[in-house]
2 protein chains.
Amino acid sequence: MKLSRRARYALRMMVAIVRHSNGSHMVSLSQIAEKTNLSRRYMEQLAIGLKNASLIVGVSGKGGGYMLARPAEEINVGQIVEAAIGPINIVECVVQPELCIQSEECECRWLYHRINQGVCEVLNEFSLAELATKYWPRAIPLKSSATARVSC
Amino acid sequence: MKLSRRARYALRMMVAIVRHSNGSHMVSLSQIAEKTNLSRRYMEQLAIGLKNASLIVGVSGKGGGYMLARPAEEINVGQIVEAAIGPINIVECVVQPELCIQSEECECRWLYHRINQGVCEVLNEFSLAELATKYWPRAIPLKSSATARVSC
DNA sequence: CATATTCCGATTGTTATAGTAGGAATATAT
DNA sequence: ATATATTCCTACTATAACAATCGGAATATG
């Protein structure tokens, strides 16, 4: 029940794009890589997904880069996550019940459907604009970097 | 963003226990295995987790088996899922912010926290009793078994 | 004492994901 | 023109999480 790194990186990238391209100028992945500590090569893959989902616009060539396809207020978190990892389905049978091995009646499917709905609702509750401005400083201070293995 | 098979099997198992032990008699995993088409050996592992979470009571020896530790109305889906796969945390930093590689301020953590909360709320919304009685027949009829790869 | 069960740990196999890499296509600036 | 900086596309490899198997100990009953 994890939100994949791919999805989290996509969110971080989008936040970086918003913050960097004040309004409308292009930001290259090299620039974003510096700010976010993410590998440029890996971000390229994510960027393609985000572009195919029409969340960002890419321009090749020198001086090129990416910018939002529409205002950050009109992009919500769910769209970013789905662009990164595909449609939200916590169990395959939510989307494709015909795949299920079980007998005609499955006692749990309605529950999975409901959970899935809940996840989608939360994701669509927030816009990229909110994500880019809000902060939630960690309560607990940093410990030694040896224990820090997770990147959010 | 998947609900692991482990969690789903635990739910199926619990439903089977409720339906089979009308009230208070023991049900063995062999019996449940027949009804659910799950491997007995695999269910043993799940049962131990459910037992440690005080959701079921186990009795060894001939004639032994499992039964609910309390009425199905007082067990909710979230408890079963957590017994199976551990605490719900869609990103590690939700529970252990000190693990995070990122700088002191993480723009997304509040969002992850909120999503996590949403998932927990949905899970705790339903009881095992509801799960055991409700049905949601699939709208789409079964196709050839060749395509059926997923067990819910 | 035979049998049916829970209970425990170790191991193996499988799959999804993370991450790397090469290089083509595109456009700009000098 | 040519060098350069970028997006864009595809394939491959490594790793970690998870599913599933297995052997056998402990426990209790008839």
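The chains referred to below are lettered A, B, ... by the order of the sequence lines, with proteins before strands, and numbering in each begins at 1.
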Once you round it to whole Å, what is the distance between [atom2] of [N] and [atom1] of [X]?
X: Met67(A); N: dT7(D); atom1: CE; atom2: P; answer: 14 Å
X: Ile90(A); N: dC18(D); atom1: CD1; atom2: P; answer: 15 Å
X: Met26(A); N: dA27(C); atom1: CE; atom2: P; answer: 12 Å
X: Leu50(B); N: dC8(C); atom1: CG; atom2: P; answer: 14 Å
X: Ile48(A); N: dT26(C); atom1: CD1; atom2: P; answer: 14 Å
X: Leu29(B); N: dT21(D); atom1: CG; atom2: P; answer: 15 Å
X: Glu34(B); N: dT5(C); atom1: CD; atom2: P; answer: 10 Å
X: Met13(B); N: dA19(D); atom1: CE; atom2: P; answer: 15 Å

Side chain to side chain contact (heavy atoms under 4.5 Å, CB included) between Arg70(B) and Leu55(B), worked out: CA-CA 7 Å; Arg70(B) 54 179 184 273; Leu55(B) 300 180; 3.6 Å; yes
How long is the straight-line distance from [atom2] of [Y] back to [atom1] of [X], given to the nearest 0.5 Å?
X: Lys2(A); Y: Ile85(B); atom1: NZ; atom2: CD1; answer: 8.0 Å
X: Gln45(A); Y: Leu50(A); atom1: CD; atom2: CG; answer: 12.0 Å
X: Arg8(B); Y: Leu38(B); atom1: CZ; atom2: CG; answer: 11.0 Å
X: Ile88(A); Y: Ile115(A); atom1: CD1; atom2: CD1; answer: 13.5 Å
X: Leu111(A); Y: Asn116(A); atom1: CG; atom2: CG; answer: 11.0 Å

Note, Tyr9(A) side chain near Met43(A) side chain (heavy atom, < 4.5 Å):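 Result no, sub-4.5 Å side-chain heavy-atom pair not found.
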Nucleotide nearest Ser30(B) (side chain, heavy atoms from C-beta), chosen from dT6(D), dT5(C), dC8(D):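 Closest nucleotide to the Ser30(B) side chain: dT5(C).
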Ser28(A) side chain near dT7(D) phosphate (N/O to OP1/OP2, under 4.0 Å):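 It does not, given that no N or O in the side chain of Ser28(A) lies less than 4.0 Å from OP1 or OP2 of dT7(D).
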Phosphate OP1/OP2 of dC8(D) contacted by Lys51(A) side-chain N/O (<4.0 Å): yes
Base versus backbone protein contacts along nucleotides 10-18 of chain C [heavy-atom cut-off under 4.0 Å; B, S, -]: B-------S
Sugar-phosphate or base contact per nucleotide [nucleotides 24-30 of chain D; S, B, -; heavy atom under 4.0 Å]: B--BBB-
Residue mapping more 5' on DNA chain C - nearest nucleotide basis, Gly64(A) or Gly65(B): Gly65(B)
Residues Arg19(B), Lys35(B); criterion side chain to side chain contact (heavy atoms under 4.5 Å, CB included); working and verdict: CA-CA 11 Å; Arg19(B) 290 192 181 157; Lys35(B) 293 282 169 185; over 6 Å; no
Partners passing ring pair (Phe, Tyr, Trp, His ring centres under 6.0 Å) against Tyr112(B) (at least two apart in sequence or in another chain):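 By the ring pair (Phe, Tyr, Trp, His ring centres under 6.0 Å) rule, Tyr112(B) matches no residue at all.
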